[in-house]
Number of protein chains: 2
Amino acid sequence: MESELACPIAPVVDLVFSRWTTPILWTLNEHGRLRFVELERRIGTITPKVLTQRLRQMERDGLVTRTYHPEVPPRVEYEISELGRSLAPVFHGLAEWSKRNLAKVDEARSRYDGTN
Amino acid sequence: MESELACPIAPVVDLVFSRWTTPILWTLNEHGRLRFVELERRIGTITPKVLTQRLRQMERDGLVTRTYHPEVPPRVEYEISELGRSLAPVFHGLAEWSKRNLAKVDEARSRYDGTN
DNA sequence: CAGCATCCACGAAGATACTG
DNA sequence: CAGTATCTTCGTGGATGCTG
């Protein structure tokens, strides 16, 4: 998808920051093991189809684990894996940067738009 | 774009990891001030239209600066801003994670696909 | 409940050609 | 050189309905 030619982190960006993966990972990291609907509700605006798609991909990539309980009604639980958890420092770094610099982005936008 | 309800870093993810911003920022961080075509060539697969779009947005967000030299032929130079440079630790963290864990992702995929 | 199947809509991105 | 203009393609995502 992205050009790796000039950017060594392109693969990991594709992996971790493609759409919905961050909220999913963050939620699972905060609340531990969750059922499908719980995850769906906590994220709020995602549709079940898309949530399923992303979870499958993340399961394949080893970022989350899926546990199926053959009951009636069926119960499926998702959990962040060790590999997924190892991204925590990166996320923390982003949160820090956010706290410190996101306001500057807003300022820059106002300046650019001339709506000082 | 992304749901912020469950994920505090969603805004910064949108800002920094939307398409092409990472390669652009990385390239400008590596090579300093660059002209439009130089940037285009280093990234390799981006089209001028898209490159222009992304650069405009990043300029608006305060991540890059644009300098126009009214000459013939015209010369425009792009440079990473202080704000953009402040992302370096985050990028470095990603590169580190990449070196350590990207192979595990490949393993997980092989396992999932059953192509052990 | 946890999904899959299907259809549809939209915007981002690519290809191409053209200007000051 | 540094873009802009236009057209087309494509993928993501939304909506809906249906199963074990």
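Side chains included, hydrogens not; waters and symmetry mates left out as well; all remaining heavy atoms used. Chain naming here is simple, since letters A, B, ... match the order of the sequence lines and numbering starts at 1 in each.
Rounded to whole Å, the distance from CG on A:Leu39 to P on C:dG3 is 10 Å. Atom CD of A:Glu40 and atom P of C:dG3 are 10 Å apart (whole Å). In this structure, the CG atom of A:Leu51 is 12 Å from the P atom of D:dG13, given to the nearest Å. Atom CG of A:Leu55 is separated from atom P of C:dA2 by 11 Å (rounded to the nearest Å). The distance from atom CZ of A:Arg41 to atom P of C:dG3 is 14 Å, rounded to the nearest whole Å. Rounded to an integer number of Å, the gap from A:Glu59 CD to C:dG3 P is 10 Å. As a whole-Å value, the separation of B:Tyr68 OH from C:dG20 P is 13 Å. Taking atom NE2 of A:His69 as the reference point, atom P of C:dG3 lies 12 Å away to the nearest angstrom.
Here the nucleotide nearest the side chain of B:Pro74, chosen from C:dA2, D:dA2, C:dG14, is D:dA2. When distances run from any side-chain atom of A:Val37 to the nucleotides C:dC1, D:dT4, D:dA2, the shortest one goes to C:dC1. Out of D:dT4, D:dG13, C:dG3, the shortest distance to the side chain of A:Phe36 is found at C:dG3. Of the candidates C:dG3, D:dG13, D:dG3, C:dG3 carries the atom nearest the A:Arg66 side chain, counting heavy atoms from C-beta on.
Dashed line: the shortest gap from a side-chain N or O of B:Arg35 to OP1 or OP2 of D:dA2 is under 4.0 Å. Residue A:Arg54 places no side-chain N or O under 4.0 Å from the OP1 or OP2 atom of D:dT12. The shortest distance between the side-chain N/O atoms of A:Arg75 and the OP1/OP2 oxygens of C:dA2 is not below 4.0 Å. Within the structure, a side-chain polar atom (N or O) of B:Arg19 is placed less than 4.0 Å from OP1 or OP2 of C:dG14. Contact annotation: B:Tyr78 does not reach the phosphate of D:dC1 (side-chain N/O to OP1 or OP2, under 4.0 Å). Of the side-chain N and O atoms in A:Trp20, one or more sit less than 4.0 angstrom from OP1 or OP2 of D:dG13.
Using a 4.0 Å cut-off between charged nitrogen and carboxylate oxygen, B:Glu107 and B:Lys104 do not count as a salt-bridge pair.
Comparing A:Thr47 and B:Pro73 along DNA chain D, the residue whose closest nucleotide (by nearest heavy atom) sits nearer the 5' end is B:Pro73. Looking at which nucleotide of DNA chain D each of B:Gln53 and A:Val50 is closest to, the 5′-most match is held by B:Gln53.
When the options B:Glu79, B:Glu77, B:Arg33 are evaluated for a side chain to side chain contact (heavy atoms under 4.5 Å, CB included) with B:Thr65, the one that passes is B:Glu79.
In this structure a side-chain-to-backbone donor-acceptor pair under 3.5 Å is present from B:Ser81 to B:Gly62.
Side-chain atoms of B:Gln57 and B:Arg54 form a donor-acceptor pair, as typed in the model, at a separation below 3.5 Å.
Classification of the B:Phe17-B:Phe91 ring pair by plane angle, with boundaries at 30° and 60°, yields tilted.
For C:dG14, the base has a donor-acceptor partner in the side chain of B:Lys49 [N/O atoms by modelled type, under 3.5 angstrom].
Atom OG1 of residue B:Thr27 and atom OH of residue B:Tyr78 lie 14.0 Å apart, to the nearest 0.5 angstrom.
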